[in-house]
Each structure stands twice: as C-alpha cells, then as structure tokens.
Amino acid sequence: MSDRILVCVAWPYANYLLHVGQVAGAVLPADVFARYQRLAGNEVVMVSGSDSHGTPITVTADREGVEPREIVDRYHAKILETWERLGIVYDLYTTTLTDNHYATTQEVFLRLLEKDLLYRKSQDQLYDPQAERFLPDRYVEGTCPICGYGEARGDQCDNCGSQLDAIDLINPKSRMTGAIPVIRQSEHYFLRLTELEAGLKDWVGKQAHWRRNVLNFTLGSLNEGLVDRAITRDISWGVPVPVEGWDDKRIYVWFDAVIGYLSATREWAGRTGDPEAWRPFWEDPATRSYYFIGKDNIVFHTIIWPAILMGYGGLDLPYDVPANQYVNMPTGEKQSKSRGTGTWMLDLLDVYEPDTIRFYLTTIFPETSDSVFAEDDLIRTNNDVLIATWGNLANRVISMVHRNFEGIVPATGELAPESEAIMAEARAAFTTVGAEYNACHFRNAVNDSMALAKAANRYLDERAPWKAVKVDRVHAAETLATALTVINALKVLLHPVLPFTTRRLHEDLGFDGTVLGHGWAFEPVPAGTHLREARPLYTKIEVEPVGAPAR
RNA sequence: GGCAGGGUAGCUCAGCCGGUCAGAGCGCACGACUCAUAAUCGUGAGGUCGGGAGUUCAAGUCUCCCCCCUGCUACCA
C-alpha cells in the first residue's frame with residue numbers, strides 16, 4: 001500500500017548562484033528522500049521554486065539598473081541548470097512570479113481577512129526621502145550607540161554584536177542613497193499569531209518525531225509568546241495587496257514565499273492536465289508533507305506557515321521539518337551568498353561528476369551539527385570510499401564474469417552458508433537502509449550501504465573466485481553469481497544518492513527499463529544474463545584540488 | 001543579553017531515556033592476496049568524550065557554573 005508524500009524544498013533567492021551549503025543543507029537531502037520514496041512505490045510530488053520577491057532582489061536590480069524581473073530570469077535559469085546537471089528531480093520547480101502564485105497568495109490573504117485573522121495597524125518606519133522608499137532596519141547604517149563603531153547596521157552592530165533599533169543609531173543614513181532617514185507612519189496588515197498561538201502549541205506538542213533542535217526551538221518560541229507580524233510592506237515589487245487603495249504596498253515576501261508550496265503544487269496539477277490533482281496532497285490528512293530547509297528558516301516553517309494554514313483551514317500542516325544545520329568552509333567560515341564566500345555548485349559541476357558530488361555531500365549532510373565542505377575531502381571520498389569500496393566491487397566482479405564465464409551470469413546450485421549469509425545481509429539491508437532514508441537519516445543510509453559493500457568485498461576475498469575458478473568452476477560460479485546479486489542490491493540501495501551511475505550499472509547488469517521501474521526490491525541477476533563489458537562507474541581523481549572559489 | 005543546537009581519535013562524524021559508549025569511515029603502520037580503478041582483506045596504534053564542580057554503586061550520557069562555534073531574537077528571509 002503506497003503512501004502519498006509531498007516534498008517541499010526551501011525556495012532559493014533568485015539573486016545569486018547556488019552554493020554548496022544550500023544544496024547540501026536542503027535541496028539534495030530532499031532529492032534523495034524523494035527518490036527513495038518513489039523507489040519505494042509511494043506517490044511523491046516534490047516542489048519548490050525561485051523566490052523572486054524581497055528586498056535583496058530589488059537591491060541587486062537597482063545596483064545594476066535593471067528591472068527585478070531581469071535579475072530573477074537570469075538566476076532562475078542558472079538554478080534550473082544546476083538542478084539538471086546535479087540530477088535534482090523536481091516535479092515542479094517554478095517561481096513566485098506566476099499568475100497562479102499571485103492568485104493563490106491573494107486568495108489566502110483574503111480568506112484570512114474574512115476570518116478576521118488579519119487587521120490593520122499603523123507603525124513608525126524609517127523612510128529614505130531621496131529614494132522615496134521605506135527602509136528595512138538593515139538598510140540603515142550609522143554609529144553604534146553602544147560601542148561607537150561607525151558602520152553599524154540598523155538591526156545589529158557587526159563590531160560589538162549588539163541588537164539595535166535603527167532609530168537609536170547616531171548619524172543614521174540610508175545605505176541606498178546616503179540620505180538621512182526620517183520617520184514616517186505607515187499602515188500595514190498584521191497576522192494575528194496571538195490568536196493562533198494556542199492551536200499551534202497544541203499541534204507542535206504532538207510532533208514527537210521532529211528533530212530535537214527543531215522541536216525545542218519551536219516550543220521555546222511558542223512558550224515565549226508570539227507577536228502579531230506585519231505581512232505587508234511599503235514596496236512596489238511583490239504580490240499586490242488585494243484591497244482597494246493599497247496599490248502602493250505589497251504582500252511581504254515571507255508571507256508569499258511559504259504559500260509558494262501550495263501554489264506550486266497547484267501549478268504542478270494544472271500541468272499534469274488534472275487541475276484538481278493537488279488536493280489529495282494538501283487535503284488528505286494521511287498525506288505526509290516534508291519541508292527541507294536550513295536552520296535559519298525554522299520559525300517560518302514550524303510556526304508561521306502552520307499558522308497561515310490553520311487560519312486558512314482544511315489544509316495539511318507539515319508532517320516533518322527536517323531542518324539541517326550549515327555546511328561551512330574548511331576555514332570555519334560560512335558559505336554566504338552575501339559575503340561571496342563559499343563554493344558555487346556550477347563551478348563544482350564543471351570539475352566533478354554529479355554522483356561524486358552527490359555522494360560526498362551526502363556524507364557531510366549537516367543533520368545534527370554544522371559540517372565542513374572541503375574539496376580535498378571530496379577527492380579523498382571519491383577515491384578512497386566511493387571507488388575503492390563500491391565502484392571497484394562492481395568492476396572486479398563484472399570483469400571476472402567476463403574473463404571466466406564469457407560475460408554470462410552462471411547458474412548456481414545450493415548455496416554455501418557464507419553465500420546464504422551475504423544474501424541475507426543484502427536482503428535485510430532493504431529494511432534497515434529503507435528505514436534510514438524514510439527517517440531522513442541519509443548519512444546512515446549511505447554508511448549502512450557501504451557496510452554491505454565492504455561485506456561483499458570480504459566475501460569475495462574469502463571465496464577467492466579467481467583462484468577457485470582453476471580448480472572448481474562451480475564454486476567460482478556461485479561466488480560470482482552471489483556477488484552480482486549483492487551488487488544489484490546495492491545498485492538499488494544507493495540509487496537515491498547515485499542516480500546517474502546506478503542507472504549505468506543497471507544497464508551493465510543486463511536489465512531493461514530503469515532502476516525506478518524495478519522498485520525498492522531485492523532481485524538477483526538471473527542466470528544466463530549477458531553482462532555488458534566492464535567499465536568503471538567512477539573516475540579516479542588524480543589532480544590536486546583545482547579550487548572552485550566563489551565569485 | 002535571552003532562546004535553541006553543537007563542542008567525542010590526525011580528519012569527517014556516530015553514540016547522549018546513565019552501566020559491552022569509548023565507536024565507525026578515511027588517513028597512518030605492519031601483514032596477506034593479486035580478480036579489480038596500486039583497488040581488496042586482516043591486524044594495530046589508543047582520544048583526560050570543551051573546562052570545572054556535583055548527584056550516583058556507576059556519567060560524553062543527569063544537575064550547576066564557565067569557555068568556544070552556529071542559528072533565531074520577529075521591518076533578511
């Protein structure tokens with residue numbers, strides 16, 4: 001019986017290239033998870049898109065003197081290229097610029113308004129009279145009132161780390177124009193999080209399967225008490241507020257971005273030809289929805305988005321939010337788009353095979369703590385783990401079958417105990433490794449798979465078919481046929497992480513169709529099968545790290 | 001400052017409802033083998049589990065204090 005699973009992935013801002021941290025932290029875990037679930041026979045839809053609104057995009061556009069849409073188009077194309085080359089398979093990767101998304105966002109807004117979960121309130125805001133624009137705190141700079149640092153931001157002083165209020169800055173000026181900001185009143189719509197707090201607490205309290213940091217952080221925030229948040233802004237780039245007389249404001253990006261999960265699923269449905277196909281993924285309580293995000297985004301996915309959904313009514317709340325920590329540089333520095341530090345995915349893809357990258361990144365998924373990306377470590381992992389333990393295993397066995405059995409899988413009689421044992425281990429791995437994937441413990445899934453590969457290497461050494469074949473062909477035949485079956489099992493177990501090379505291996509082993517088509521199943525390579533000529537699945541990297549720095 | 005997560009072998013990380021929890025992989029040393037991308041297999045070297053105090057028969061595993069890293073702190077998302 002199959003499950004229905006919605007895989008939601010954080011929406012990258014379309015104003016930069018993607019770096020390793022974003023991919024290892026959210027996108028690749030989601031893809032591995034979705035691939036596993038599809039293999040396991042579940043009904044999966046995976047959606048995301050480029051977040052096209054927000055101040056950073058406007059600022060980038062201003063700096064280049066172009067329209068925001070041009071920035072979005074440029075980087076959206078680069079992002080799509082990254083997915084293609086890395087083998088990230090979305091059912092839909094869209095943007096927040098579609099008519100469908102605007103309509104969905106406005107529909108949600110109006111529903112909340114009807115239900116009195118939105119209200120208007122005026123607040124003081126800093127305004128740049130030269131740019132004729134309201135300023136977020138971080139776009140104001142001046143002298144820190146606490147330590148005297150001259151270039152403190154309105155929200156925080158980078159020198160002494162103090163949290164600031166932009167109004168308290170000495171000699172404040174706009175980072176956009178240098179003008180002195182003035183205070184102006186502005187009216188906005190606020191979401192009544194205070195109203196939804198009790199329901200959220202009740203719901204979060206039941207999510208015992210969430211990761212410790214996600215659960216504790218969310219409970220902590222709820223216990224401190226929520227504050228209503230403004231969901232509109234004084235900007236011109238964004239989803240229009242569907243209310244008379246609000247033409248000069250827009251729905252703010254954090255509100256429309258999370259709604260993107262819903263609008264993207266609707267858009268996917270429309271593209272499949274069944275516009276109603278999104279409903280089971282959102283309206284059936286048995287559907288499980290997973291949100292793959294970084295740790296900086298937890299509050300939006302465990303509090304605000306659920307609050308919006310609760311307020312809207314009739315839609316599923318997140319089942320799990322397996323937020324990851326960060327992937328840092330070997331120097332300990334963060335991968336940061338805004339600082340320009342980090343490794344761009346496209347640079348990496350220019351140099352290394354996608355499965356090499358996917359495998360290495362999976363081994364450093366920051367599932368429990370920040371992890372480190374290092375190119376020399378990637379090379380070492382490729383050569384000393386991926387190839388030595390796994391690639392070589394497939395290669396040595398297929399080569400032996402060609403050398404000694406004309407490339408035809410030999411038949412076996414009754415199996416020796418050690419052959420039975422390794423077969424049983426391979427069969428059992430489908431349960432254990434499957435459970436790890438299903439629980440989003442991807443590193444464990446890979447480690448368990450590699451343990452099976454090591455066991456297969458050990459089995460080969462013990463049975464030494466290269467020796468046995470000279471004196472007892474039946475013995476050697478049994479060894480090789482058994483090893484092939486274990487290799488075929490590993491092909492399936494590792495397919496979510498290594499989709500490209502396991503597809504090749506699938507062909508090399510003489511199978512038709514796709515790995516996906518065969519499903520999450522233990523399956524021998526039938527006797528009599530003609531294997532293709534042995535070819536290495538992976539290329540050893542002999543070079544020094546070439547370096548693929550950001551910028 | 002407050003809240004949350006993390007600080008375990010050279011490296012990357014598990015373990016954390018207290019008692020085979022002092023581990024895995026890589027690297028390193030030695031040995032075996034030679035089918036295979038000099039790959040594989042076996043053996044080994046031992047890290048005061050960030051620091052200090054406490055609870056307990058027993059603590060990386062619980063409590064308290066301190067140090068360091070990261071995120072959030074709601075007008076970056």
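Since the model is a prediction, treat every value here as computed from it, not as a measurement. Chain naming here is simple, since letters A, B, ... match the order of the sequence lines and numbering starts at 1 in each.
Atom CZ in A:R250 sits roughly 20 Å away from atom P in B:C75 (whole-Å rounding). As rounded to whole Å, 12 Å separates atom P of B:C26 from atom CZ of A:R380. Between the P atom of B:C3 and the CG atom of A:N213 lies a distance of 17 Å, rounded to the nearest Å. Distance, A:F442 CZ to B:G25 P: 23 Å, rounded to whole Å. Straight-line distance from the CD atom of A:E367 to the C1' atom of B:C16: 17 Å, rounded to whole Å. For the pair A:R212 CZ and B:G5 C1', the interatomic distance rounds to 8 Å; values are reported in whole Å. When rounded to the nearest whole Å, the span between CG of A:N447 and P of B:G15 equals 11 Å. The separation between A:I422 atom CD1 and B:U40 atom P is 16 Å, rounded to whole Å.
Between A:D62 and A:R133 there is a salt bridge, since a side-chain N of the basic residue sits under 4.0 Å from a carboxylate O of the acidic one. A salt bridge is defined here as a Lys NZ or Arg NE, NH1 or NH2 lying under 4.0 Å from an Asp or Glu carboxylate O, and A:K249 with A:D234 meets this definition. The existence of a salt bridge linking A:D137 and A:R175 is excluded, since no basic side-chain nitrogen approaches an acidic carboxylate oxygen closer than 4.0 Å. We find that A:E462 and A:R458 are not joined by a salt bridge, their nearest charged nitrogen and carboxylate oxygen being 4.0 Å or further apart. Ion pairing between a basic and an acidic side chain is recognised when a charged N comes within 4.0 Å of a carboxylate O; A:R463 and A:E418 show such pairing. A salt bridge links A:K295 with A:D370: at least one charged nitrogen is closer than 4.0 Å to a carboxylate oxygen.
With C1' as the reference atom, B:A29 and B:A36 are 24 Å apart, rounded to whole Å. As rounded to the nearest Å, B:U63 and B:C26 have C1' atoms that lie 37 Å from one another. Spacing between B:C69 and B:U8 at atom C1', rounded to whole Å, works out to 16 Å. With both ends at atom P, the span from B:C62 to B:U40 equals 38 Å, rounded to whole Å. Here the separation of B:C33 from B:C68, taken at their C1' atoms, is 48 Å to the nearest Å. The gap from the P atom of B:C16 to that of B:G7 amounts to 12 Å, rounded to the nearest Å. Nucleotides B:C41 and B:C64 place their P atoms 46 Å apart, quoted to the nearest Å. Across B:A59 and B:G44, the matching P atoms stand 28 Å from one another, rounded to whole Å.
Here A:D228 lies out of heavy-atom contact (under 4.0 Å) with every strand. Residue-level contact check: A:D51 touches the backbone only, with heavy atoms under 4.0 Å from sugar-phosphate atoms and none from bases. As judged by a 4.0 angstrom heavy-atom cut-off over every strand, A:D461 is placed among the base-contacting residues. Contact annotation for A:T218: no contact, since no heavy-atom pair falls under 4.0 Å across all strands. Within the nucleic acid shown, A:Q125 comes within 4.0 Å of at least one base atom, counting heavy atoms only. Looking at heavy-atom distances under 4.0 Å, A:A230 makes no contact with the nucleic acid at all. Contact annotation for A:D384: backbone-only contact, meaning every heavy-atom pair under 4.0 Å involves sugar-phosphate atoms and none involves a base. Within 4.0 Å (heavy atoms only), A:P465 reaches no atom of the nucleic acid at all. Counting non-hydrogen atoms under 4.0 angstrom, A:Y538 reaches a base of the nucleic acid. A:R403 comes within 4.0 angstrom of the backbone, heavy atoms only, and of no base. A:G225 comes within 4.0 angstrom of a nucleotide base, judged by non-hydrogen atoms across all strands. Among the protein residues, A:L537 comes within range of the nucleic acid bases, having at least one heavy atom under 4.0 Å from a base atom.
In this structure, the separation between CG on A:L309 and CD1 on A:I259 is 8.5 Å, given to the nearest 0.5 Å. One finds the CG atom of A:L484 at 9.5 Å from the CE atom of A:M400 (value rounded to the nearest 0.5 Å).
Of the candidates B:C76, B:A74, B:C13, B:C13 carries the atom nearest the A:R443 side chain, counting heavy atoms from C-beta on. Checked against B:A36, B:U12, B:A39, the side chain of A:R396 finds its nearest nucleotide in B:A36. The side chain of A:S371 lies closest to B:C13, out of B:C13, B:C76, B:C35. Set against B:G5, B:G25, B:C76, the side chain of A:D137 has B:C76 as its closest nucleotide. Comparing atom distances between the A:V385 side chain and each of B:C26, B:C72, B:A39 picks out B:C26 as nearest. The listed nucleotides are B:A36, B:U70, B:C76; the one nearest the side chain of A:Y326 is B:U70. Closest to the side chain of A:W466, out of B:C76, B:A4, B:U34, is B:U34. Listed nucleotides B:C76, B:A74, B:U70 differ in distance to A:L226; the shortest reach to its side chain belongs to B:A74. Here the side chain of A:V227 is nearest to one of B:G71, B:U34, B:A74, namely B:A74. Here the nucleotide nearest the side chain of A:K467, chosen from B:U12, B:A39, B:U34, is B:U34.
No hydrogens or angles were tested; on distance alone, a donor-acceptor pair under 3.5 Å links the side chain of A:N392 to the base of B:A36.
Under the Watson-Crick and G-U wobble criteria, each requiring two contacts below 3.5 Å, nucleotide B:G10 is paired to B:C26. Here B:G54 sits opposite B:C62 as a Watson-Crick or G-U wobble pair (both hydrogen-bonding atom distances under 3.5 Å).
In this structure, A:S369 and A:N383 both approach RNA chain B, and ranking their closest nucleotides by distance from the 5' end singles out A:S369.
Distances shorter than 4.0 Å separate none of the side-chain N or O atoms of A:K295 from OP1 or OP2 on B:C3.
Only one option out of A:W254, A:F255, A:Y102 pairs with A:H53 in a ring pair (Phe, Tyr, Trp, His ring centres under 6.0 Å); it is A:Y102.
In textbook terms, a nucleotide whose glycosidic angle is within 90° of 0 is syn, while B:G7, being further out, is anti.
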